[in-house]
Structure formats: structure tokens, C-alpha cells
Amino acid sequence: GVQTIRSHNLALTQRLIDALPPASVATPTPAEQRGGTLVIGLDKTALEAAAKRLEASKVLFDLRPTGIRLSPDIYHDASEIDVAAQCLGV
């Protein structure tokens, strides 16, 4: 049910949070304070490079002025999160 989906999402977002430098995560990191989307804040050069790598790897994301938004869901798994982390330059 819904709790299973939430648990899956939290596990995936936590995996990405754990792979990134703490300063790059603009989203609240405590599980009870975050939803299903992570915002990764990088400087302009790193942001553009990461966006190109994400596109080349066919990772879906949203590019906003605040950073790259990623929203893992029930259709994603840990290996896809690892690809996203690699694309983000981690």
C-alpha cells in the first residue's frame, strides 16, 4: 500500500543523499521532513555538466534555478539511483 511506496521512496532518496556531499542537497534530509523529490544544488558549471550527464544516461530530471530536481518513484530501483549519483559527479 501507500506505506510500502513511501518506504521505497525514502530508501531511494536516502541512498542518493548518502552518495552526495551534504552541502549539495538543498532538500531537507531528515526523512520526516522530505517528500518524494530531492533538489541537488550545484554551482552553474557543475549543474550544466551534471545535466548533460543525466541526459546522456537517460535519467529523467527537472532543471530549476535552485538545482536539479530528481523524483524517484516505485518504478525506480537502487541501481538507477547509483547512475544518477554518478552523473551528478559523485
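As the structure is a prediction and not an experimental result, all values here were calculated from the model. These values consider heavy atoms only, across backbone and side chains, with no hydrogens, waters or symmetry-generated copies.
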Item to check | CA sep, side-chain torsions, deciding dist, call: Thr37, Thr13, side chain to side chain contact (heavy atoms under 4.5 Å, CB included) | outcome: CA-CA 8 Å; Thr37 298; Thr13 55; over 6 Å; no

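Shown here for Ile81 and Pro72, the closest heavy-atom pair between the two residues is CD1-CB, 3.8 Å. Minimum heavy-atom separation, Gly36 to Asn9: CA-OD1, 3.3 Å. The two atoms that bring Arg6 and Arg34 nearest to each other are NH2-O, 2.9 Å, heavy atoms only. The minimum heavy-atom distance linking Leu12 with Asp73 is given by the pair CD1-O, 3.8 Å.
Screening residues 19-32 for side chain to side chain donor-acceptor pair (under 3.5 Å), with sequence neighbours left out, gives no hits.
Placement of Val83 and Phe61 within a single hydrophobic cluster is found when ILVMFWY residues are connected by side-chain heavy-atom separations under 4.5 Å, directly or transitively. Following chains of ILVMFWY side-chain contacts shorter than 4.5 Å, one cannot reach Val39 starting from Leu63, and the two form parts of different hydrophobic clusters. A single hydrophobic cluster is seen to contain both Ile40 and Ile17, as judged by linkage of ILVMFWY side chains at heavy-atom distances under 4.5 Å, directly or through other members. When hydrophobic clusters are built by joining Ile, Leu, Val, Met, Phe, Trp and Tyr residues whose side-chain heavy atoms come closer than 4.5 Å, directly or via intermediates, Ile5 is not grouped with Leu70.
Summarising the geometry, atom OG1 belonging to Thr66 is positioned 11.0 Å from atom CG belonging to Leu42; distances are rounded to the nearest 0.5 Å. Expressed to the nearest 0.5 Å, how far CD1 of Ile74 lies from OG1 of Thr4 amounts to 7.5 Å. Note that CZ of Arg69 and CG of Leu60 are 13.0 Å apart. Values are rounded to the nearest 0.5 Å. The distance from atom CD1 of Ile68 to atom CG of Asp62, rounded to the nearest 0.5 Å, is 10.0 Å.
In this structure, His8 contributes its side chain and His76 its backbone to a donor-acceptor pair below 3.5 Å. The closest donor-acceptor contact from the side chain of Asp82 to the backbone of Ala85 lies at 3.5 Å or more, if one exists at all.
For the residue pair Asp18 / Gln14, a side-chain donor-acceptor distance below 3.5 Å is found, with atom types taken as modelled.
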Show me the side-chain donor-acceptor pairs of residues 44-55 shorter than 3.5 Å, one per line, residues at least two apart or across chains.
from  : atom 1 : to    : atom 2 : distance (Å)
Arg53 : NE     : Cys87 : O      : 2.6
Arg53 : NH2    : Cys87 : O      : 3.0

